[in-house]
Amino acid sequence: GADGTVTVGNYILVPIRKSGADADGAVGLLGLDWRADTAVATLVGAEKQALLYSVVVAAIVIGLVILGSRYLIIRPLNVQRDTIQRISQGELQAAVQQGDRNDEIGEIARSTDDLRQKLLVAAADQKDAAYKGAAFTAASSAMMMTCAEYRIRYVNPAMIDLLGKFKEFIPQLSDGVTIEKITNMSLDDFHGNGTQIRSRLQGMGDQSINVMIAFGDSRVSLRLSQVL
């Protein structure tokens, strides 16, 4: 080459010169043993080392990601899962945690707590309905409940007994009084002046009215109230 480097067989000879502007000629030679297999082996070794470093770094990164996801995602999800299981088993007073988070975990927590609140209300309504139902059934006074179209929906045993005494005056019940027969009967099945009574009922508001019903020579006082 221009600097005096020459190749002899598998050797590269590089001249060693004096430094300085007045340097003249070479003071020695630097010989390098160069072979193709040696160069390839060196390159492969460097690549293996670089690959090893990459694998180690990747393993560390993956480990950190797993630990982070376990702490930030998996553990909070497990908390929500346990809470939902408790609620599904009837523990409606269970506290729902992590509702203050501004991510998907927080949305799940808030939705779970909203469901819990609705279930609490539904449970209270069911308990109240069961209590009222028990009181309705056990009442000694004859009682019935109708829908907005004035069709009978519920009657208690005392009403069954009362209607049984006057079944001969009610054609639809002449062959026997049962809850199945009475249910869904209309106001018109009991009153000849049903239109007048409907008008009174529609204008009663939250007041109660008393109606006298005649069964032959007997009279039955009927008190009507609106149930909201």
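The shown structure was predicted, so the numbers you read here are calculated from the model rather than taken from an experiment.
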Among V220, V177, V155, exactly one meets side chain to side chain contact (heavy atoms under 4.5 Å, CB included) together with L163. Which residue is that? V177

Mark yes or no for whether R219, through its side chain, and G216, through its backbone, hold a donor-acceptor pair below 3.5 Å. yes

Only counting residues at least two apart or in another chain, list the ones meeting salt bridge (Lys or Arg N to Asp or Glu O under 4.0 Å) with E104. none

Find out if a path of hydrophobic residues (ILVMFWY) with successive side-chain heavy-atom gaps under 4.5 Å connects L64 to V56. yes

In one Ile/Leu/Val/Met/Phe/Trp/Tyr side-chain cluster, 4.5 Å: V57, V65: yes

Is K167 salt-bridged to D175, cutoff N-O under 4.0 Å? no

Backbone N or O of G99 within a donor-acceptor pair of the R110 side chain at under 3.5 Å? yes

Please answer: with hydrophobic residues joined when any side-chain heavy atoms are less than 4.5 Å apart, are I108 and L115 in the same cluster? no

For the residue pair S140 and A158, what are the closest heavy atoms and their distance? O-CB, 3.5 Å

Determine whether R151 and T146 satisfy the following criterion, side chain to side chain contact (heavy atoms under 4.5 Å, CB included), listing intermediate values before the conclusion. CA-CA 5 Å; R151 288 191 172 276; T146 70; 5.9 Å; no

Minimum side-chain heavy-atom gap Q93-L120 below 4.5 Å: yes

CD on Q89 to CD1 on I84, rounded to 0.5 Å: 12.0 Å

In the structure I gave you, are the side-chain heavy atoms of T178 and I182 within less than 4.5 Å of one another anywhere? no

Looking at CD1 of I152 and OG1 of T183, how far apart are the two atoms once the value is rounded to the nearest 0.5 Å? 7.5 Å

Can V79 and I105 be said to form a side chain to side chain contact (heavy atoms under 4.5 Å, CB included), step by step? CA-CA 10 Å; V79 171; I105 302 297; over 6 Å; no

Applying side chain to side chain contact (heavy atoms under 4.5 Å, CB included), run through L173 and E168 and close with a yes or a no. CA-CA 7 Å; L173 302 178; E168 60 182 296; over 6 Å; no

Validation row: Q80, Q98 side chains within 4.5 angstrom (heavy atoms): yes

With a 4.5 Å cut-off on side-chain heavy-atom distances among I, L, V, M, F, W and Y, is there a chain of contacts connecting L162 to I170? yes

How close do M185 and K181 get, counting heavy atoms only, and between which atoms? CG-O, 3.1 Å

How are the rings of F215 and F166 set relative to one another: parallel (under 30°), tilted (30 to 60°) or perpendicular (over 60°)? parallel

Pair D113 + R116: basic N to acidic O under 4.0 Å: yes

Side chains of S218 and K165 in contact at under 4.5 Å (non-hydrogen atoms): no

Sorted by chain and number, sequence neighbours left out, salt bridge (Lys or Arg N to Asp or Glu O under 4.0 Å) with K118 holds for D114

Going through the checks in order, is the side chain to side chain contact (heavy atoms under 4.5 Å, CB included) test met by M143 and M159? CA-CA 6 Å; M143 302 173 65; M159 177 60 75; 5.6 Å; no

